[in-house]
Amino acid sequence: MTHILHLDSSPRGSRSVSRSLTKEFVAGWLQSHPSDRITYRDIGKYPVPPVDEAWIAASFSKSEPLASELTNALRVSDELIDELLIADRYVFGIPMYNFSVPANFKAYIDQIVRVERTFTPNWQGLVTNKKMLIITTRGGSYFNAPSSKQLDFQEPYLRAIFEFVGITDITFIHAENLTMGDEARERSLTTARTAIQSLISAW
Ligand SMILES: Cc1cc2nc3c(=O)[nH]c(=O)nc-3n(C[C@H](O)[C@H](O)[C@H](O)COP(=O)(O)O)c2cc1C
């Protein structure tokens, strides 16, 4: 049995394309793997807090055990990291915002990238033997567009940060041109859906 962490980060509900695509992948996956387990996390609707001074003090504290206020400061982070470590695979839906990730996804990253929990002091990743699918949604086009490819700070950043914590097997499916007219949008959605169906049989 594989345990999948399905995470959505769009603040939009039924209008969100990334939500509909991650849902499509997970529904298709469950059809062929009905006994797999899914944990769902919605940071678009229920954002995680940014790290604060107590979080930073607690995460770098050398005292064992931590004082109770420091333990409290890491409660959300501990919950998110436990959820990440216990899953085998990840299906993340992440819109492109301002050429990168939405602030709520960055807040999630700041909570889960933590010394001694997801990487060692000498920068060895601790989240190993995992597979990750990231479905991105974008108004414009970057993937096959030489003139705007350099504006894609989303995929390179996501690859770098997840590889840093040890997740090296990462597949991206980009749904692009979503605000470039009906024809371009539909063409891109068809391509993304085809990639989703192929990955369901090959992941
Ligand atoms: C605040 C904001 C910033 C955005 N920035 C970009 C951008 O830099 N590049 C781009 O191609 N699309 C951008 N978009 C368009 C979204 O990526 C696109 O609408 C996508 O479908 C959003 O994902 P969702 O449908 O899951 O909500 C932006 C949208 C919003 C709301």
Side-chain angles (χ1 to χ4, degrees), residues 2-11 16 18-19 21-22 25-26 36-66 69-137 152-173 203:
T2 302
H3 184 170
I4 296 179
L5 173 61
H6 171 193
L7 178 147
D8 281 320
S9 60
S10 172
S16 162
S18 57
R19 277 177 196 275
L21 294 175
T22 59
F25 181 89
V26 171
D36 280 2
R37 181 167 168 207
I38 311 291
T39 295
Y40 184 58
R41 166 79 51 185
D42 188 345
I43 61 166
K45 199 164 177 191
Y46 307 104
V48 300
V51 301
D52 57 14
E53 184 166 3
W55 188 102
I56 297 163
S59 79
F60 292 99
S61 168
K62 298 271 182 259
S63 340
E64 277 285 344
L66 287 177
E69 69 273 18
L70 294 189
T71 303
N72 282 338
L74 292 178
R75 204 173 293 286
V76 170
S77 172
D78 281 332
E79 186 189 328
L80 296 171
I81 290 172
D82 291 346
E83 182 178 86
L84 188 77
L85 292 173
I86 210 163
D88 310 298
R89 298 187 186 203
Y90 311 111
V91 177
F92 284 11
I94 311 175
M96 177 183 273
Y97 276 9
N98 299 311
F99 306 129
S100 181
V101 297
N104 62 11
F105 194 81
K106 180 58 168 52
Y108 174 78
I109 286 174
D110 290 345
Q111 291 284 356
I112 60 165
V113 179
R114 211 172 103 198
V115 69
E116 307 286 12
R117 296 264 6 235
T118 53
F119 69 97
T120 67
N122 62 350
W123 289 21
Q124 293 295 307
L126 296 171
V127 193
T128 52
N129 300 317
K130 312 286 188 187
K131 281 188 176 197
M132 175 174 264
L133 165 63
I134 297 180
I135 300 180
T136 77
T137 43
D152 179 3
F153 294 92
Q154 187 189 34
E155 175 175 335
Y157 173 63
L158 290 167
R159 264 194 201 285
I161 196 64
F162 285 119
E163 283 180 5
F164 179 71
V165 295
I167 305 167
T168 51
D169 185 336
I170 309 177
T171 303
F172 279 87
I173 294 177
W203 202 33

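Keep in mind the model is a prediction, meaning the values are calculated, not measured.
- Using a 4.5 Å heavy-atom cutoff, the side chains of Ser77 and Trp55 are in contact.
- Legend: residues meeting salt bridge (Lys or Arg N to Asp or Glu O under 4.0 Å) with Arg159, ordered by chain and number and at least two apart, are Glu155.
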Listed pairs under 3.5 Å, donor-acceptor, residues 80-89 side chains, sequence neighbours left out:
unit_1, atom_1, unit_2, atom_2, d
Asp82, OD1, Arg117, NH1, 3.4
Asp82, OD1, Arg117, NH2, 2.9
Glu83, OE1, Arg41, NE, 3.0
Glu83, OE2, Arg41, NE, 3.4
Glu83, OE2, Arg41, NH2, 3.0
Asp88, OD2, His3, N, 2.6
Arg89, NH1, Trp203, O, 3.1

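- With sequence neighbours excluded, no residue forms a side-chain hydrogen bond (donor to acceptor under 3.5 Å, both in side chains) with Arg37.
- Taking every heavy atom of both residues into account, Val115 and Thr120 meet most closely at CG2-C, 4.2 Å.
- Heavy-atom minimum distance, Ile94 versus Ser18: N-CB, 4.2 Å.
- For the side-chain hydrogen bond (donor to acceptor under 3.5 Å, both in side chains) test, residues two or more places apart in sequence or in another chain that qualify with Asp152 are Arg138.
- Side chains of Thr136 and Met96 form no contact here, defined as non-hydrogen atoms less than 4.5 Å apart.
- You'll find the side chain of Leu74 reaches within 4.5 Å of the side chain of Ser59, heavy atoms only.
- Side-chain contact between Leu7 and Tyr108 is present, with heavy atoms from C-beta onward closer than 4.5 Å.
- Annotation: salt bridge (charged side-chain N to carboxylate O under 4.0 Å, His left out) contacts involving residues 51-62, sequence neighbours excluded, are absent.
- Ala58 approaches Leu70 most closely through the heavy-atom pair CB-O, 3.4 Å.
- Contact check for Ile161 versus Val113: side-chain heavy atoms found under the 4.5 Å cut-off.
- Between Gln111 and Pro49, the shortest heavy-atom distance links the atoms NE2-O, 2.7 Å.
- The ring pair (Phe, Tyr, Trp, His ring centres under 6.0 Å) check on Phe99 picks up nothing, with sequence neighbours excluded.
- Once rounded to the nearest 0.5 Å, the distance linking CG of Asn72 with CG of Asp78 reads 10.5 Å.
- Using a 4.5 Å heavy-atom cutoff, the side chains of Ile109 and Phe105 are in contact.
- Atom OG of Ser100 is separated from atom CG of Leu158 by 7.0 Å, given to the nearest 0.5 angstrom.
- Not counting sequence neighbours, Lys45 has no partner by the salt bridge (Lys or Arg N to Asp or Glu O under 4.0 Å) test.
- Every residue two or more places apart in sequence or in another chain was checked for a side-chain hydrogen bond (donor to acceptor under 3.5 Å, both in side chains) with Thr71, and none qualifies.
- The side-chain hydrogen bond (donor to acceptor under 3.5 Å, both in side chains) check on Ser61 picks up Ser63, with sequence neighbours excluded.
- Every residue two or more places apart in sequence or in another chain that forms a salt bridge (Lys or Arg N to Asp or Glu O under 4.0 Å) with Asp110 is listed here: Lys106.
- The shortest side-chain heavy-atom distance between Thr118 and Phe164 does not fall under the 4.5 Å cut-off.
- Scored by the ring pair (Phe, Tyr, Trp, His ring centres under 6.0 Å) test, Phe172 finds His174 as partners (sequence neighbours excluded).
- Taken to the nearest 0.5 Å, the CZ atom of Arg114 stands 11.5 Å off from the CG atom of Leu126.
- Among residues two or more places apart in sequence or in another chain, the ring pair (Phe, Tyr, Trp, His ring centres under 6.0 Å) test is passed with Tyr90 by Phe92.
- Taking OG1 of Thr168 as the reference point, atom CG of Asn129 lies at 8.5 Å (rounded to 0.5 Å).
- Between Pro95 and Pro102 the shortest heavy-atom distance is O-CD, 3.2 Å.
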